[in-house]
Engineer: 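The structure that follows is given in the form of structure tokens.
Order of the sequence lines sets the chain letters (A, B, ...), proteins ahead of strands, with each chain counted from 1.
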There are 2 protein chains.
Amino acid sequence: MIELNGITKIYGKGDAEVYALDDVNCSIKEGEMISIMGPSGSGKSTLMNVLGCLDKPSIGSYTLGGVETTTLNDDKLAEIRNEKIGFVFQNYNLLPRMAALENIELPMLYNNIPRSERHRLALHALERVGLSDRAQHVPNELSGGQQQRVAIARALVLNPSIILADEPTGNLDSKSGEEIINIFEELNKKEGHTIIIVTHDSEIAAHTSRIIHIKDGKIDREEVFSK
Amino acid sequence: MIELNGITKIYGKGDAEVYALDDVNCSIKEGEMISIMGPSGSGKSTLMNVLGCLDKPSIGSYTLGGVETTTLNDDKLAEIRNEKIGFVFQNYNLLPRMAALENIELPMLYNNIPRSERHRLALHALERVGLSDRAQHVPNELSGGQQQRVAIARALVLNPSIILADEPTGNLDSKSGEEIINIFEELNKKEGHTIIIVTHDSEIAAHTSRIIHIKDGKIDREEVFSK
Ligand SMILES: Nc1ncnc2c1ncn2[C@@H]1O[C@H](COP(=O)(O)OP(=O)(O)OP(=O)(O)O)[C@@H](O)[C@H]1O
Ligand SMILES: Nc1ncnc2c1ncn2[C@@H]1O[C@H](COP(=O)(O)OP(=O)(O)OP(=O)(O)O)[C@@H](O)[C@H]1O
Ligand SMILES: [Mg+2]
Ligand SMILES: [Mg+2]
């Protein structure tokens, strides 16, 4: 389903060159729920941006569902993103002037989903993360963890086959964090979605079947949980 | 040192009214290192904003070092903030167009500290959080955890007597998180700084001598660690 070969991402030039990713190779099967862990600055978000077709690698190939993505133009990439991928950003990326509900409706605007249906789906996603009473609040009227939960609801609303969540519980208390990981588990076990979670919380990682440990832009080691 | 009496913070009106804080009473002694824990949306950041003189309560009094802050005008509050308080925001609040080093120098501009001295102190603070090799990177060239560490360095640079850190390790791996809490402990034990940390990580809280548990804007209970 997902094949990464020789993935390298270089920022800057000359002395200031940074190898955010350095020859990363890995495969992820459809329906897997895996986590990515590693020190701050080790390349996790950069890897997620490549996986999410938000960023192209400097070197290497990324095959998604049989399609080589590095040769696609931006429109085609955007199409794949909208259809297949739900992304929870590390910094939420909510639009500051839009209320929670409107932020969640955003992905649906590109898919010509009728207004009433958008509203219904967004409200359901908001309920799922326990925030239906904050539907009309704009981001700066929400706590950090509430913003994070709105970002999660937005990623889930179109029920995408692949969910990429970059530190989805970083600002949540353990109870809220548990509720979120349970949502992911449900989507994975009951509906077969592929879930990739970046986390530095080993309790969250324990819910996944495989942990990819990344360090200095390279895959350091993998842990596989047998059940 | 710090006295909160009947502190209440109300947002919105009528049906949309939210009691972010509801009759909070507590005292914090000089040189204490305490943590604040509670569910997402329970009022932790709002409490920190009041403690940090960034926001005034709707009701109640806040006495800091013998001074009743709620009656002070904005200039006087800004003065107290600059002199006494180092604040690590939950969302970092770094200026996007400024490099890491410049962001850390900011608090010093208001204190007429000469350029070379500002540079020296900022570099030292950056080294302390392990990021001297990122001095010239602007925030969006930094990972989430690196941005968080720059925000911590900025709060520490003027060696303030009170440090308020709102989820300072939320985006850090456990090793980086340990390094940060050790910095705080050193400042507390060796230099007698008062440290208040909001965290949902009980391992971080275990480094403090008292945990205030907040729930629905109220203090739910306190845990005191005897040594
Ligand atoms: N400007 C505002 N207008 C309306 N409600 C607000 C505003 N700011 C905060 N709130 C509400 O006040 C409550 C407390 O917010 P606060 O940010 O203090 O929570 P918190 O404990 O820090 O949460 P988290 O752990 O998620 O960061 C939340 O329910 C939030 O929705
Ligand atoms: N635009 C950029 N220009 C230069 N360097 C960059 C840029 N973006 C990221 N980097 C560097 O690439 C490295 C990897 O960044 P990345 O955000 O992937 O790390 P991360 O593992 O997600 O870290 P964290 O756990 O702190 O979120 C970091 O050292 C960062 O400084
Ligand atoms: Mg990251
Ligand atoms: Mg908060």
Engineer: Does B:Leu172 offer a backbone N or O that forms a donor-acceptor pair with the side chain of A:His200 under 3.5 Å?
Structural biologist: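 Side chain of A:His200 to backbone of B:Leu172, a donor-acceptor pair under 3.5 Å: yes, one is there.
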Engineer: I need the contact set between residues 120-139 of chain A and chain B: heavy-atom distance under 4.5 Å, sorted by residue number.
Structural biologist: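 Counting heavy atoms that sit under 4.5 Å from chain B, the residues of residues 120-139 of chain A involved are A:Arg134, A:His137.
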Engineer: Is A:Asn73 atom CG crowded by more than 12 heavy atoms from other residues, nucleotides or ligands, each under 6.0 Å away?
Structural biologist: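 Buried by this count: over 12 neighbours within 6.0 Å.
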Engineer: Sort A:Asn171 into side chain, backbone, both or neither according to what part of it lies under 4.5 angstrom from a heavy atom of chain B.
Structural biologist: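 For A:Asn171, backbone and side chain are both near chain B.
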Engineer: Are there over 12 heavy-atom neighbours, none belonging to B:Glu203, within less than 6.0 Å of that residue's CD?
Structural biologist: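 Atom CD in B:Glu203 is not crowded, with 12 or fewer foreign heavy atoms closer than 6.0 Å.
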Engineer: Which residues in residues 9-28 of chain A have a heavy atom less than 4.5 Å from any heavy atom of chain B?
Structural biologist: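 Contacts with chain B: A:Val18.
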Engineer: Would you compute the distance between atom CG of B:Asp201 and atom CG of A:Asp173 and round it to the nearest 0.5 angstrom?
Structural biologist: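 Reported to 0.5 Å precision, the distance equals 12.0 Å.
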Engineer: Does A:Asp216 CG have over 12 foreign heavy atoms under 6.0 Å away?
Structural biologist: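 Check fails, neighbour count at 12 or below.
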Engineer: Going by residue number, which parts of residues 144-152 of chain B are within reach of chain A, meaning a heavy-atom gap below 4.5 Å?
Structural biologist: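 Counting heavy atoms that sit under 4.5 Å from chain A, the residues of residues 144-152 of chain B involved are B:Gly144, B:Gly145, B:Gln146, B:Arg149.
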Engineer: Does any backbone or side-chain atom of B:Thr169 lie under 4.5 Å from a heavy atom of chain A? Answer side chain, backbone, both or neither.
Structural biologist: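 Just its backbone gets close to chain A.
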Engineer: Enumerate by number any residue of residues 37-49 of chain B whose heavy atoms lie under 4.5 Å from heavy atoms of chain A; in the absence of such residues, state 'none'.
Structural biologist: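 Counting heavy atoms that sit under 4.5 Å from chain A, the residues of residues 37-49 of chain B involved are B:Gly38, B:Pro39, B:Ser40, B:Gly41.
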